[in-house]
Amino acid sequence: MQELPKQFEPQLAEERWLKIWEENGCFHAEPNSTKKPYTIVIPPPNVTGALHLGHALNNTLQDAQIRMHRMMGFETLWMPGTDHAGIATQAMVEKRLKEEENLTRHELGREGLVSRIWAWKDSYEKRITTQLKRMGASCDWRRQRFTLDERCAKAVRYTFFTFFQKDLIYRGKKLVNWDTNLQTAVSDDEVFSETVQGHFWYMKYPVVNPKPGEPEYVTVATTRPETMLGDTAVAVHPNPAKIYDALEAQWTKDLAEAPEKEKPEIEAKLADLAKRRVELLPLLTTLAEMAKDGRMVMLPIQNREIPLVADIWAKPELGTGAVKITPAHDPNDYEVGRRCKLPMINILNKDGSLNANAGKYEGQTIYQARENVVAELEQIGVLLKVEDREIELPMSDRSKTPIEPFLSDQWFVRMDQLSQSAMDAVIDGRVKIHPERYAKGYLDWLSEKRDWPIGRQLWWGHQIPIWYCEDCPEEELKAAFAGRTDVIWKHDDANNQWWICVQEGTLDANAVPGHTLVQDQDVLDTWFSSALWPHSTMGWPDATPELAKFYPTDLLITSRDIITLWVARMVLTSLQNCNTVPFHDVFIHPKILDKFGDTMSKSKGNGVDPLDVVDKFGADALRFGMAWLTTENQDVRLPVDFECPYCGARVEQTRENRVRPRVKCPKCKEYFRTQWAKSEEDLALKRGAVISERFEMGRNFSNKLWNACRFVQMNMEGYTPGLVEESSLTLEDRWLLSRLSTVAQEFTQNLLTFKYSDAIRVLYGFAWDEYCSFYVEMVKARLNNPDQRATAQRVLVYALDVITRLLHPIMPYVTEEIWAVLNDCAPVRGIVDQQTPAQFACVAQWPELPKEWQNGEVESQFAVFQDVLRGIREIRSRQNVPPKNTVQFALKCTAELKGLLEPMSAYFASMAGAEMTSCGPDAQFPDLASNYAAADWEVSMDLTGLIDIEAELKKQEKELAKLEGFIKGKQAKLSNEAFVSKAPATVIEKEKQSLQDLIDQKTAVEQSIAKLKK
RNA sequence: GGGCGAUUAGCUCAGUUGGUUAGAGCGCUACCCUUACAAGGUAGAUGUCGCUGGUUCGAGUCCAGUUUCGCCCACCA
């Protein structure tokens, strides 16, 4: 028989099994199968870049479920794919275009840019696929999807068409962040704010027809006076007195609890508030009354009557307590405008100049207009005062110019009914979110029922399938699209045009003779296509076999930051399109942070390429580590460091060095490059991988199992399959099988309930500490005994077989290797039934062990053996007995324990180098001995001539002190009347027993001290 | 500002419905290349369970408040 290498070599195994799995179609899901289906769709990684450790975690967890269910006999589909990630990908490619060719997208043009992005996508999709495959992801690679591929496009078009038809999609106004320089809207995350010195202008708006007791003017303050041209209201708080009360109460409370040094500040705030209250409250109360009466004020310059409105947005503690409202150019005012149903007057053109709504200021820039408006206000005497003030100015990240909130036409999905349907699905349990606490965020977000703006001013994505046709009689549309059910149109009264939507394909510009059709230039929000992912990937809207077999899916595993953006939207589109939830369970896994608590990202330099970990420790080690850290926690820290490519030293990663292009190894003094290397000089250096020592554990575990497998293989000579008679089982056999059955059950249950960490800890502990450290050690003697060898072999190989199958979903490569070895040396295995195992572990049957094997009594008996063994080893260790010396010991114990332990004397010899001289209630202790006492047994080791009396006395006295401490505690507890009368009887009984045990132990220790002193 | 989570050994984390002496891995100490495995073995040291109260016979665990850290969402005329 060929000898196996002493160390497990992950790289070889990975290469081999990737190929074999692929060649044998192990991961292919067959729609025609009669097996029950089990489906997961991958959260499609963005094609913006390569995968990082977060993806490694996410995919490990999915693969574990997929592999387990495959072994459980399900027809299992894991659908892979990637996401086009609109904004992010386009921004990435544009940035590179700028850096490398100094070109903007406008210079390149739409088609040019989009083709560049496709090239980028191809290269990263390839990279991502390679990464996933090497991590062992058992996806059905023949079905790989992309959110912009034809199949997804078809689903997007059908969805848009139906939603448009059902009036779930509409055109509405939305404030966008307008970049007047690039003349495009930018997303919220592309806006940063800058603190600049500005001013705060106070101006008076005359009250229209003031009644007696009413003020003649309302004073408002603003940082942007020119926007007053678009004002459509002035707001005051509906109940100023109440707000003052509430604020005063709040700040008084803050004051009482604040640390000394913060008190003066709060006191000042309170004093100011009191002053304002005296000065402003009567006025504000009057204004609130007036607002409720629908009174008007006169907007200067424009000479337009605008209403006073009562709205919670106006805070009496700031400015004048009254706020001018410009709904078209301020996000808050926009909300007020919506609540109070105010007109929204847009005063800006797309280039940032003022439009006709600005009256005589039309054509001026914002800054010219500001100066001129202020001058006019001053001239007509309504400008009260100007204060200096620091203001936060929103800036475009792209052009570094100020952002203008700009009211524009956008497409929306109407959310009220859709949101409710998605909420209901979670409330009534059709979709279960794990851990449960994440359901709250989902429900809260959906309950706002905010309509979903789906247009993006980008070029990379699904272009909105709407064509505009101006000024065209409906008869002509009817004629042009006669007989077509795939074209619908609606009239846009505001702009006197038609919106034409077509279900598939495109419309020619001259599809309506005599008119020019223009397609909407915007693309759909990325999430619009991602929202369809579970059914679009299966071929919806076509009735494909995949859709019939594998949809709805079973499980979704993702991270918490996209519960709302993605998970919620998948639920509601699925309900709408397919009339069913897209999945039944959602598992939210922790997020990986680095040692500083920062999220991992390329831009911070702490990102880790999973393949670096795979190269160094193996894919199994990576996966083991990921499963180990997956608790219900929301974050988990994973410290990462550089590895010197020259000497292999671990180079601590710091906040400073992780953003440098090169780092010097403190050990070998060589420089290596990081991801930041740009210069040719730096790029010439070897690359230092970023890894974490946290993965050593998994690597060591692989190796441990590999060696257990070697041991089995070396001892299978003469193996014959056969059922095992219960009578031939020894205590350790029955103990092992009891544990094996328990562990298989717990492991399975934990994985099914997403307790990955618990699952792997149970299996790790069992495999290492029980199977390897005890069973394998004990079985050695029996393997040399011809009478016992057959049973020993059968149990030994069977247990490893079960461990291997259980572990396969987490560590697929090493288990396949082991499985192959087992199949070679023990082609038929089993204890209660004989099985010819599957060719590969990945398709082996999931272990289900008889529950009757679980035997508490056997386990506690075995625990006594383990304790005695530990006692003997401890004595040896503290007495420094050389490992090669055999010692003798006596064991004093009950007759019952004698019956148990005497037959195991051979194991004390082989596992602790100790020979049992006597055993039982009358065991004779040597005079000069080292002792170890437990509750119902005591070991005495003869150390004549060897004993270190000092060390022994020291140890025993320490033990005595410890015992006395416990005894005192217990006695106090048991003499506490309250405890004895109130605690349950079982607890008291347990306490009494434990006290008695402690006293017995104490007596034994005292005796051995007395002997030693003699 | 709102919501959520965390705070336990030097580090990273477990700790089920409250119940004997709070665990794991790494790291550390001592002794071992013992015939599956030095990526290993045996033994060992290390904790005021963030803080303050409360409930209870009994609190790492439950309740109230609080420190520090993190995440998500909203927002600053």
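Quick note on labels: first sequence line is chain A, next is B, and so on, each numbered from 1. Bear in mind the structure is a predicted one, so any value in this text is a computation, not a measurement.
Using the Watson-Crick or G-U wobble rule with both distances under 3.5 Å, U66(B) pairs with G50(B).
Atom CG of Asp867(A) and atom CG of Asp936(A) lie 9.5 Å apart (nearest 0.5 Å). The distance from atom CD of Glu404(A) to atom CG of Asp330(A), rounded to the nearest 0.5 Å, is 11.0 Å. Remark: Glu874(A) CD to Arg876(A) CZ distance equals 13.5 Å, nearest 0.5 Å. In this structure, the separation between CD on Gln993(A) and CG on Leu995(A) is 9.5 Å, given to the nearest 0.5 Å.
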For this session: Report the C-alpha distance between Lys591(A) and Asp561(A) in whole Å, list the side-chain angles of each, state the deciding distance to 0.1 Å, and finish with yes or no for salt bridge (charged side-chain N to carboxylate O under 4.0 Å, His left out).
Result: CA-CA 9 Å; Lys591(A) 195 163 186 157; Asp561(A) 36 8; 2.8 Å; yes
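Lys591(A) places its NZ atom 13 Å from the C1' atom of C4(B), with the value rounded to the nearest Å. With rounding to whole Å, Phe8(A) atom CZ is found 17 Å from G40(B) atom C1'. Nucleotide A36(B) holds its C1' atom 15 Å from the OH atom of Tyr775(A), rounded to whole Å. Going from atom CZ of Arg637(A) over to atom P of C13(B) covers 6 Å, rounded to whole Å. Here U21(B) presents its P atom at 15 Å from CD of Gln993(A), a figure rounded to the nearest Å. Taking atom CG of residue Leu229(A) and atom P of nucleotide A77(B), one finds them 19 Å apart after rounding to whole Å. Rounded to whole Å, the distance from CG on Leu960(A) to P on U21(B) is 18 Å. As rounded to whole Å, 14 Å separates atom C1' of C37(B) from atom CG of Asn715(A).
Put simply, Lys6(A) has a side-chain N or O that comes within less than 4.0 Å of OP1 or OP2 on C37(B). Residue Trp628(A) places none of its side-chain N or O atoms closer than 4.0 Å to OP1 or OP2 of C26(B). Phosphate contact (OP1/OP2 of A39(B), side-chain N/O of Asn707(A), threshold under 4.0 Å): absent. In terms of phosphate contacts, Ser877(A) brings no side-chain nitrogen or oxygen within less than 4.0 Å of OP1 or OP2 of U42(B). Dashed line: the shortest gap from a side-chain N or O of Lys704(A) to OP1 or OP2 of G41(B) is under 4.0 Å.
In this structure, the nucleotide among A77(B), A36(B), G41(B) sitting nearest to the side chain of Lys780(A) is A36(B). Each of C13(B), A43(B), A36(B) was ranked by its minimum atom distance to the side chain of Thr631(A); first place goes to C13(B). Here the nucleotide nearest the side chain of Phe711(A), chosen from U42(B), G25(B), A36(B), is A36(B). Here C37(B) is the nucleotide among C37(B), A77(B), C13(B) with the atom lying nearest to any side-chain atom of Arg710(A). Of the candidate nucleotides A39(B), A24(B), A36(B), A39(B) has the atom lying nearest to any side-chain atom of Gln7(A). When distances run from any side-chain atom of Ala708(A) to the nucleotides C33(B), G3(B), A36(B), the shortest one goes to A36(B). Between G25(B), U12(B), G70(B), one nucleotide has an atom nearer to the side chain of Met697(A) than all others, and that is G25(B). Of the candidates A43(B), G40(B), G70(B), G40(B) carries the atom nearest the Trp768(A) side chain, counting heavy atoms from C-beta on. The side chain of Lys440(A) approaches G3(B) more closely than any other nucleotide in the set C37(B), G3(B), A43(B).
Comparing Leu638(A) and Phe701(A) against RNA chain B, the residue whose closest nucleotide sits nearer the 5' end is Leu638(A). Heavy-atom nearest nucleotides on RNA chain B were determined for Arg761(A) and for Glu448(A), and the one closer to the 5' end corresponds to Arg761(A).
Side-chain contact of Arg878(A) with Ser930(A): a donor-acceptor pair under 3.5 Å is present, judged by distance alone.
A distance of about 7 Å separates the C1' atoms of U29(B) and A45(B), rounded to the whole Å.
Residue-level contact check: Arg560(A) touches the backbone only, with heavy atoms under 4.0 Å from sugar-phosphate atoms and none from bases. If you check every strand for non-hydrogen atoms under 4.0 Å, Arg878(A) touches nothing. When heavy atoms are screened at a 4.0 angstrom cut-off, Glu777(A) is found touching base atoms of the nucleic acid. Contact annotation for Val776(A): base contact, defined as any heavy-atom pair under 4.0 Å involving a base atom. Using a 4.0 Å heavy-atom criterion, one finds that Ser994(A) contacts the bases of the nucleic acid, with or without backbone contacts as well. Residue Cys772(A) is in base contact, counting any heavy-atom pair closer than 4.0 Å across all strands shown. Base engagement by Arg699(A) is indicated by at least one non-hydrogen atom pair under 4.0 Å involving a base atom. No engagement by Trp201(A) is indicated, since no non-hydrogen atom pair under 4.0 Å with the nucleic acid exists. Within the 4.0 angstrom heavy-atom criterion, only backbone atoms of the sugar-phosphate kind lie near Asp635(A); the bases stay farther away.
Using cut-offs of 30° and 60° on the angle between ring planes, the pair Trp768(A) and Phe701(A) is parallel. Phe8(A) and Trp706(A) have tilted rings, their planes meeting at an angle from 30° to 60° on a 0 to 90° scale.
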